[in-house]
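What follows is one structure encoded as structure tokens, with my remarks underneath.
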Amino acid sequence: MADATAGQTVTACNAPGGFSRLARLTGVNWRGALAVVAFVLGWELLVRFKALGFAAVPGPLESLTAFWATYASKASYWESWFASFRRVVAGFVLAQLLGIPLGLFLGTRERLRELMFPVLELMRPIPPIAWVPLSILFWPTHELSIIFITFIGAFFIIVINVHDGVRTIKQEHLWLARSLGAGEAMIFRRIVLPSVLPAISVGMTLGIAVTWNVVIAAEMIAGDNGLGRLTWEGYVSHTSTVVIIGMVSIGFAGYLSSALVSWLLHKLTPWRA
Amino acid sequence: MNDVLHQGALSIRQAGKIYDPAGAAVVALEDCSAEIRAGEFVAIVGPSGCGKSTLLNAIAGFDRLTSGEILLDGVTLASPGTEPRPGPQRVVVFQHGALFPWMTVLENVIYGPTRQRVLGADAARAKALDMLRRCGGLDTAGQRYPGQLSSGMQRRVEIVRALMNEPKVLLLDEPFRAMDTVSKSAMHRHLLDIHALYPKTVLFITHDLEEALFLADTVYVMTTRPGRMKTMLRVNLARPRTLDMLVSHEYLELKRQVVAGVHEEAQKAFERGERELA
Amino acid sequence: MTPLQTRKLWRMGAGYLIAFTLWYLSVKWLPLAAFARLPDPVTVLKEWFAPEPAYGISIFTGAYYKHIIASTLRAFAAFILAVALGVPAGILMGWSSTFHDYAAALIGLLRPIPPLAWVPLAILLLPAAEVAVVYVTFLVAFFATTLNTLVGVKAIDPDYLRAARCLGANRRDLLRDIIVPGALPQIFTGLQIAMGAAWFSLAAGEMIAAQYGLGFLIMDAYNLIQYPTIVIAMVTLGILGFLSSAGIRLLGDRLMRWRSGAMGLHR
Amino acid sequence: MMMQTSATTGLASNATAAQQAVPVSPLAPRRRQGHLVVQGVSKRFAQRDSAPAEVLRDCSFEVEPGRLTVLMGPSGCGKSTLAYLLAGYLAPDAGSLTIDGMPITQAGPDRMLVFQETALWPWMSIVENVMFGPLARGDMSRAQARQAAEALLQKFGLVGFGDRYPSQLSGGMKRRAELAQALINSPKVMILDEPFRGLDVMTRELMQEYYVQLFEETQLTTLFITTELEEAIFLADRIVFMGTAPGRIVRGLEVDLPHPRTIGSMTSERYLEIKKDAMATLIEYGAVSTD
């Protein structure tokens with residue numbers, strides 16, 4: 001789930017063409033808009049003509065109307081939003097609160113790193129979802145077990161990113177502070193922490209994406225509410241509009257949280273404009 | 001200057017370039033003219049942002065002129081009307097080096113002739129090894145990757161890669177900028193030897209006046225933006241150039257003539273740079 | 001081995017030992033029911049290496065390898081599909097701005113949806129649960145590969161393109177001689193991320209919708225109260241993930257010898 | 001705006017203006033301080049998978065107070081290591097380093113080092129960077145520190161850039177901000193480790209002129225490290241030459257060009273003689289071939 005941030009869109013060679021001039025003038029990616037419209041139309045047509053197994057799947061229009069008609073106003077729909085968000089926020093925030101200090105410790109204390117890091121390195125490749133059964137066994141309530149899974153999802157990523165960040169602090173930055181007579185506490189607060197912020201932001205950006213992915217699967221397997229559960233039940237009860245609505249809602253929720261995280265990180269690092 | 005060559009005469013006539021005419025309309029080049037004879041080693045000295053690279057890009061065919069014209073042996077290379085097209089007639093050696101890191105030295109050097117199907121693989125390889133050997137025994141590094149060479153060796157291999165295409169004009173964009181004194185003076189020696197072996201018209205772009213005077217037949221000093229040829233100085237030092245010329249009186253006299261003008265342009269460029277940042 | 005390395009090795013060993021004993025003590029002695037329910041490391045190891053394992057899964061039993069092969073095949077099928085489609089897509093996006101505008105919008109539309117949210121729809125749409133699991137695994141690997149390839153193409157120094165054009169290279173030459181090799185390092189970074197993500201999604205997909213594979217084994221062992229097998233399957237997933245990433249790194253180093261060559265730079 | 005043309009007079013007036021506000025202006029000419037003595041210093045660096053590399057072997061030289069000494073040598077000969085030893089970041093394996101007779105044991109504001117790559121903290125504004133020293137040591141109140149910093153920025157032609165982040169400044173401007181950051185602490189010695197290396201030749205020459213005028217005005221003991229011969233001769237009262245690694249001092253050369261040094265001094269007869277003499281030493285000891 002941890003994929004790289006997209007590169008900027010300056011391309012090797014700009015084909016002149018109408019659209020790019022239009023795009024430059026209006027700043028809107030018209031071709032992109034065209035692509036999205038084509039996608040939705042294609043989806044509608046495939047459903048209309050029952051092609052390629054789309055028989056069991058509702059079209060965009062049908063899903064939209066179903067959403068407005070029944071779900072937009074239904075309390076239980078918004079409750080699933082709230083349930084999923086609660087788990088994501090709990091797991092993610094906990095992962096940052098524990099992960100960042102641990103990452104800092106591992107990055108600065110040689111002995112602790114050589115002791116603990118290999119163990120972390122061994123646990124990292126285990127997919128977070130694989131922890132579901134043990135988590136259910138361990139935690140008294142389903143809620144806690146799902147929060148633990150979301151925590152695991154974000155925890156390893158932030159610890160390792162912060163650890164790498166601390167180890168790439170420019171030596172000159174530390175030496176200069178020592179020459180100027182700053183004590184260790186001030187050096188940590190005003191030099192080490194700010195220089196680790198970029199690594200923290202990478203860890204959080206990747207972490208929030210993983211957390212959403214994990215919460216959906218955990219809810220599908222072990223949850224009794226939440227957007228993942230909603231989507232799964234849509235499938236089980238063959239009301240496929242709910243599957244679509246669930247997916248789109250999850251997409252929005254994921255997008256919103258990522259946007260929130262990147263806005264927050266932008267505020268924390270104004271100098272990196 | 002050896003006039004055995006009758007190829008590579010470069011005529012720059014009132015060249016002008018404006019970036020983003022509709023928007024910020026930054027005038028990079030304005031009424032920039034120079035007549036460069038075949039086989040002449042010309043150095044262009046100017047502060048950063050004075051349009052040296054813009055001129056080089058126009059000659060090399062990377063960018064289009066907005067006014068004026070540049071001809072190579074009477075044929076139009078660049079003008080508002082012509083479609084800029086790079087080609088082996090005028091090859092650029094880039095400031096930060098552009099040897100393809102994923103190709104060995106030999107693959108780099110034969111890239112040009114083999115891509116243009118001017119030479120078969122074996123013929124190209126033979127010619128490349130011969131040229132590398134003559135330019136300071138570089139043939140032994142044939143199978144190594146650029147990343148394994150010193151910056152000096154990389155720069156020379158890049159020059160050989162350019163010469164393999166029998167270019168009419170060799171364009172050097174501040175090639176020795178990041179080198180310290182000792183390696184820079186060694187590179188000057190190598191460049192002059194190679195130029196003697198393979199006489200070509202050379203356009204050498206630099207910030208370093210001393211380097212320009214030591215290497216070139218003619219030095220053009222460019223004004224800060226918009227770039228124009230401020231002064232032209234014939235360097236009448238004998239060839240081959242030797243290190244002790246650097247401390248000769250003729251050299252000192254040449255330097256006295258232009259150092260004030262160059263310094264003035266540098267000051268103006270520096271202050272404009274800061275005003276723009278303010 | 002220098003003293004530095006031996007000390008590091010000792011500490012690593014000590015780290016594993018401490019983790020192992022902590023796990024064992026917390027399960028065996030800690031008066032907490034939560035811990036007591038968990039399988040302890042010694043039982044897990046015994047089960048894992050037992051010729052006749054209590055629950056039928058150990059390094060000596062065929063069933064274990066049946067699951068491993070199933071998962072590995074799915075992971076690599078999805079991964080290879082993602083590379084075959086993702087690398088060209090990334091290069092095309094970097095190479096032509098028209099294609100980029102279209103593709104970027106579609107990716108932007110689909111990417112925020114967590115891959116596992118696709119599972120129900122995939123099962124409905126696609127013929128078999130098997131294809132659905134591979135599709136979900138493919139999706140996340142595809143996005144990682146495409147976007148990293150795009151970043152790789154963007155990061156190529158324009159001087160290389162200009163130098164090649166000076167030397168008479170046409171558009172096709174540029175693509176083959178400059179764009180692909182130049183973007184390769186970043187492509188391989190993408191492949192490693194894609195592989196990691198593929199195993200993440202595969203495990204979840206198998207837990208939800210598969211009949212065999214390590215993900216399925218984890219849920220099956222849970223339902224049949226064979227807890228040590230859960231841990232065996234989890235650790236096996238971890239090892240497979242680690243080995244496949246290491247494999248990609250090795251492939252990368254071999255393909256890009258010029259980069260390792262750069263290490264031997266003598267100044 | 002970059003630099004008052006009438007170098008000396010312009011600087012003096014600002015100095016006095018700053019004086020009332022701050023007890024001792026860092027720029028007023030001072031008693032001869034900052035006598036550095038390096039005696040028989042050797043240094044080895046442990047390497048991960050091979051025997052330790054010997055960087056310095058039995059290095060001895062002096063930096064007289066109130067003079068500008070240039071340490072000149074090929075890249076990779078251990079010049080920066082010497083700078084780090086003098087700044088107190090590293091300890092020698094053998095030999096001794098003292099300042100005004102006191103052994104150098106740790107980093108301190110009496111010996112300020114300007115690094116090759118800018119070490120301005122990117123997350124602090126320029127004025128915060130400059131104020132960091134006095135505030136870290138608690139020598140000044142926040143108001144005093146800000147006033148002293150503003151005075152220095154004004155002196156270095158960086159008026160109006162105080163609230164900018166380092167990434168928003170040009171190479172030359174960042175270097176001047178670093179000088180301000182160092183000078184606010186009234187150091188006894190300034191150590192500059194190839195400070196103008198990344199700049200283009202012309203900006204570099206302007207910065208050389210800038211520093212030599214600052215030195216002529218403050219007489220602040222300076223150790224200037226470079227690989228560029230012209231830069232060494234233009235700035236130095238005395239040049240100390242280092243041979244290739246493992247670094248040791250091979251020769252000293254007095255540069256008796258008159259002060260104040262200007263671009264003109266680069267075209268005088270005496271300059272030529274000194275350059276000829278120095279080139280011979282460089283070729284003999286610095287013979288780093290590029291192949």
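Labels below follow one simple rule: chain letters A, B, ... track the order of the sequence lines, proteins then strands, and each chain is numbered from 1.
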query = For A:Val57, is it the side chain, the backbone, both or neither that has a heavy atom under 4.5 Å from a heavy atom of chain C?
reply = side chain
query = Is any side-chain heavy atom of C:Met12 less than 4.5 Å from a side-chain heavy atom of A:Glu121?
reply = no
task = Taking the side chain as every heavy atom from C-beta outward, state whether A:Pro125 and C:Trp199 have any pair of such atoms under 4.5 Å apart.
result = no
message = Taking side chain as everything from C-beta outward and backbone as N, CA, C, O, which of these in A:Arg113 sits under 4.5 Å from a heavy atom of chain C? Side chain, backbone, both or neither.
response = neither
request  = Heavy-atom distances under 4.5 Å only: say whether A:Leu227 touches chain C with side chain, backbone, both or neither.
outcome  = neither
note = Here the pair of heavy atoms bringing C:Pro115 nearest to A:Asn213 is CD-ND2, 2.8 Å
task = Work out which heavy atom in A:Leu134 is nearest to a heavy atom in C:Pro39; give both atom names and the distance.
result = CD2-CD, 4.1 Å
ask   = Is there a side-chain contact between C:Pro120 and A:Met220, using heavy atoms and a 4.5 Å cut-off?
value = yes
ask   = Which atoms of A:Ile216 come close to chain C, meaning under 4.5 Å heavy atom to heavy atom: side chain ones, backbone ones, both, or neither?
value = side chain
ask   = What's the spacing between C:Leu32 CG and A:Phe138 CZ if we round to 0.5 Å?
value = 7.5 Å
note = CD1 (C:Ile218) and CD1 (A:Ile221) are apart, to the nearest 0.5 Å, by 9.0 Å
key: chain C contact residues among residues 248-262 of chain A, heavy-atom distance under 4.5 Å   = A:Ile250, A:Gly251, A:Tyr255
task = Could you pull out the closest heavy-atom pair between A:Thr231 and C:Ala117, with the gap in Å?
result = CG2-O, 4.3 Å
task = Calculate, to the nearest 0.5 Å, the distance between atoms CD1 and CH2 belonging to C:Ile208 and A:Trp232 respectively.
result = 6.0 Å
ask   = Do A:Ile129 and C:Phe200 have side chains that get closer than 4.5 Å, going by heavy atoms?
value = no
key: A:Ile136 vs C:Tyr222 side-chain heavy atoms within contact, under 4.5 Å   = yes
Approximate separation, where rounding is to 0.5 Å, of A:Ile126 CD1 and C:Leu240 CG = 11.5 Å
